[in-house]
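A short worksheet on the structure shown next.
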There are 2 protein chains.
Amino acid sequence: MVRKTKEDAAITRQRIIDAAREMFLQKGVSRTSLEQIATHASVTRGAVYWHFQNKAELFHAMREEVYLPLIDRMDDTLLGNADESTIDPLGRIRKHLASTIQILDNDQTTRATYEVMMTKCEYVDEFADVLKSILSNCSGLVHKLEQAYAKAQEIGQVGTQLSAAELAMDTHLFFSGLLHMWVKDTEGTLFRDRALQLIDTHINLRKK
Amino acid sequence: MVRKTKEDAAITRQRIIDAAREMFLQKGVSRTSLEQIATHASVTRGAVYWHFQNKAELFHAMREEVYLPLIDRMDDTLLGNADESTIDPLGRIRKHLASTIQILDNDQTTRATYEVMMTKCEYVDEFADVLKSILSNCSGLVHKLEQAYAKAQEIGQVGTQLSAAELAMDTHLFFSGLLHMWVKDTEGTLFRDRALQLIDTHINLRKK
DNA sequence: TATTATATACAAACATGAATGTATGTAAAT
DNA sequence: ATTTACATACATTCATGTTTGTATATAATA
């Protein structure tokens with residue numbers, strides 16, 4: 001039974017991505033062979049090489065599957081439409097951070113992908129520009145945060161002399177750290193349960 | 001010319017560690033072969049296997065070379081002796097964070113090691129417990145920060161209702177994020193020059 | 001509509017290279 | 001005389017990329 005229909009092929013492709021994610025999580029990207037991925041997906045390396053040029057392309061496919069949705073979410077949660085943006089911008093920031101954590105908490109796929117990206121991957125050669133992509137994406141997030149903080153200052157929600165840009169960067173660094181710790185704390189004893197509370201603390205620190 | 005003196009052997013060992021660090025930085029831990037490390041250190045794999053059991057042990061040796069000094073530094077910079085600790089604890093925290101960044105800035109070896117550990121290593125199998133070590137070390141740092149913040153509150157240096165524990169955790173997450181970004185920003189355009197300023201911002205946010 | 005042609009979605013086989021660990025050899029320090 | 005501090009040689013395993021084979025879905029044609 002070869003030559004499946006287009007839908008079947010799409011399913012196969014997705015199963016390969018799923019298998020890759022699981023194997024990457026178990027053994028790390030480098031130590032996972034395409035043979036292992038294929039076996040785990042109940043296909044042969046032939047199928048893998050048909051759908052992806054090599055391991056790097058497969059990695060990128062896995063990454064974009066969760067990366068793109070998160071970016072899309074950013075504008076909605078963080079800024080909203082023109083009317084909404086003036087209502088409780090500080091609360092919006094809090095909500096955005098909290099909902100990101102909640103996605104990690106609820107969605108095993110997203111969580112696994114983040115864990116792979118943060119602790120089971122070496123950013124060299126073909127993977128090096130992923131880091132650049134992450135960094136440039138950070139700039140975007142900081143910019144959005146800055147806008148939100150600016151609104152918060154306008155309506156007098158913030159109780160500090162610091163600029164919106166400074167507040168935004170501090171929040172971004174805080175959240176980067178939180179994400180890293182949250183993901184690395186696989187036992188869940190140090191950060192998993194306290195993340196939302198830590199976000200509240202961080203926001204409260206700048207409330208009037 | 002074989003069988004060097006003990007000092008020569010120690011030198012050889014150090015050169016292997018240095019070579020490993022440089023190769024890890026270039027190609028990542030997984031993609032660096034012991035042969036490449038040996039060649040880069042102008043020895044053969046025989047020498048490498050003589051000094052280290054395998055790549056993992058070599059990695060640990062590289063790591064501890066910069067990891068241990070940083071831990072030692074913590075008590076001094078952050079808490080100091082009993083007399084000093086009551087003088088400007090907030091400034092001490094700031095100084096501790098700033099000096100850590102400065103070490104990264106000045107010491108190429110430390111910087112390279114951190115870059116390897118954060119972006120060129122997969123924490124699986126033999127490397128998995130390194131993460132645990134990092135996490136448990138974080139707990140230690142947070143505890144020290146908490147003590148410092150408690151002092152700061154005692155002498156009325158802090159202008160917020162939040163507890164010392166909350167402030168400490170927020171600072172720790174901020175600094176984790178900063179370290180990650182700083183190290184990943186190899187171009188130096190986004191964080192390298194602004195790190196000290198970002199630390200000041202973070203500290204100012206909790207000043208009375 | 002039935003037939004044919006072609007591209008698709010893989011499986012299987014092949015060829016190559018590279019990394020690891022170990023075992024052995026050896027010259028000099030102790 | 002015996003370790004020490006390596007270099008050299010050997011054996012094995014494993015991952016990758018490519019090539020070839022093939023059954024079938026799908027498009028083309030008549």
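Applying a 4.0 Å cut-off to non-hydrogen atoms, none of the residues of residues 13-26 of chain B approaches DNA chain C. Proximity of residues 28-62 of chain A to DNA chain C (heavy atom under 4.0 angstrom from any strand atom) is restricted to Val43(A), Thr44(A), Gly46(A), Ala47(A), Trp50(A), His51(A).
Residues forming a ring-ring contact (aromatic ring centres under 6.0 Å, His included) with Phe127(B) (at least two apart in sequence, or on another chain): Phe59(B).
Ion pairing of Arg94(B) with Asp200(B) is present here, as a side-chain N (NZ or NE/NH1/NH2) and a carboxylate O approach within less than 4.0 Å. In summary, Glu187(B) and Lys132(A) engage in a salt bridge, as defined by a charged side-chain N under 4.0 Å from a carboxylate O. Ion pair Arg21(A)/Glu65(A) flagged as a salt bridge, since at least one NZ, NE, NH1 or NH2 atom sits closer than 4.0 Å to an Asp/Glu carboxylate oxygen. Look at Arg206(B) and Asp170(B) and you find a salt bridge, because one of the NZ, NE, NH1 or NH2 atoms lies within 4.0 Å of a carboxylate O, short of that distance.
Put simply, the side chain of Arg92(A) does not reach to within 4.5 Å of the side chain of Thr77(A), judged on heavy atoms. Here the side chains of Leu135(B) and Met181(A) are in contact, with some heavy-atom distance below 4.5 Å. Using a 4.5 Å heavy-atom cutoff, the side chains of Glu146(B) and Ser163(B) are not in contact.
In this structure, Asp8(B) places its CG atom 11 Å from C1' of dA28(C), rounding to the nearest Å.
Residue Thr5(A) places at least one side-chain N or O under 4.0 Å from the OP1 or OP2 atom of dT26(D). Applying the 4.0 Å criterion to OP1 and OP2 of dA9(C), one finds that Thr12(A) has every side-chain N and O outside that range.
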